[in-house]
Amino acid sequence: MYNEVKVIICGKEYKLKTAESPNYVFSLARALESKINAMSNSGTSPYSAAIMVALSLLDDLNKANEKLDGIRDQSKEYVDEAGKSRLERDAALKEIEVLKSKIVQLETVSKLKQLKDSI
């Protein structure tokens, strides 16, 4: 369901249709206007300030996406390592079971030998 939200940024009204809550959209509009005003206070026109803010935000977004990609890659490596470790553990557990079985067999042979020697 889409909400129709009216926001005012730098004195101009914008009507937006969004699935986001109105409060969220208002907070975005306030943050954007604040950034534009800060840039405009340095003598830049609101239009130029908006372009500069947009470039800055795109830069932030690109860097965040790069970090996210790095985290995804690192997570994939961790999952791969965990899978390899699980396989190694399973193989070790199987080997332990085989060795336990051999120990039981050897103990049985040893007991039989002792019985034979005692007879």
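Note that the structure is a prediction, hence the values are computed from the model and not measured.
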Supply the atom-to-atom distance Ile9 CD1 to Asn37 CG, rounded to the nearest 0.5 angstrom. 10.5 Å
Rest of the hydrophobic cluster containing Ile51 (Ile/Leu/Val/Met/Phe/Trp/Tyr, side-chain heavy atoms under 4.5 Å)? Tyr47, Leu55
Pairs in or reaching into residues 101-111: which pass salt bridge (Lys or Arg N to Asp or Glu O under 4.0 Å), with residues at least two apart or in two chains? none
For Tyr78, give me all partners under side-chain hydrogen bond (donor to acceptor under 3.5 Å, both in side chains), at least two apart in sequence or on another chain. Gln74
Any salt bridge (Lys or Arg N to Asp or Glu O under 4.0 Å) pairs touching residues 65-76, not counting sequence neighbours? Asp69-Arg72, Lys76-Asp80
Are the side chains of Gln114 and Ser118 in contact, using a 4.5 Å heavy-atom criterion? no
With sequence neighbours excluded, what pairs up with Asp60 under the side-chain contact (heavy atoms from CB on, under 4.5 Å) test? Ser56, Leu57
In Å and rounded to the nearest 0.5 Å, what is the CG to OH distance from Leu32 to Tyr14? 8.5 Å
Other cluster members, Tyr24 - Ile/Leu/Val/Met/Phe/Trp/Tyr, side-chain contacts below 4.5 Å: Leu28
In Å, rounded to the nearest 0.5 Å, how long is the span from OG of Ser75 to CG of Leu68? 9.0 Å
Among all residues two or more places apart in sequence or in another chain, which pass the side-chain contact (heavy atoms from CB on, under 4.5 Å) test with Thr44? Ser42, Ser48, Ala49, Met52
Set of side-chain contact (heavy atoms from CB on, under 4.5 Å) partners for Glu13, sequence neighbours left out: Lys6, Ile8, Lys15
Could you list the residues that satisfy salt bridge (charged side-chain N to carboxylate O under 4.0 Å, His left out) with Lys63, not counting sequence neighbours? Asp59
Residues pairing under salt bridge (Lys or Arg N to Asp or Glu O under 4.0 Å) where one sits in residues 28-44, two or more places apart or in two chains, turn out to be none
One pair to check against side chain to side chain contact (heavy atoms under 4.5 Å, CB included): Asp90 and Arg86. What are the steps and the verdict? CA-CA 6 Å; Asp90 291 347; Arg86 190 175 303 114; 4.1 Å; yes
Between Ser21 and Asn3, the two heavy atoms sitting closest are CA-ND2, 4.1 Å
With sequence neighbours excluded, what pairs up with Thr18 under the side-chain contact (heavy atoms from CB on, under 4.5 Å) test? Val5, Glu20, Val25
Main-chain N/O of Ile36 paired to Ser40 side chain as donor or acceptor, under 3.5 Å: yes
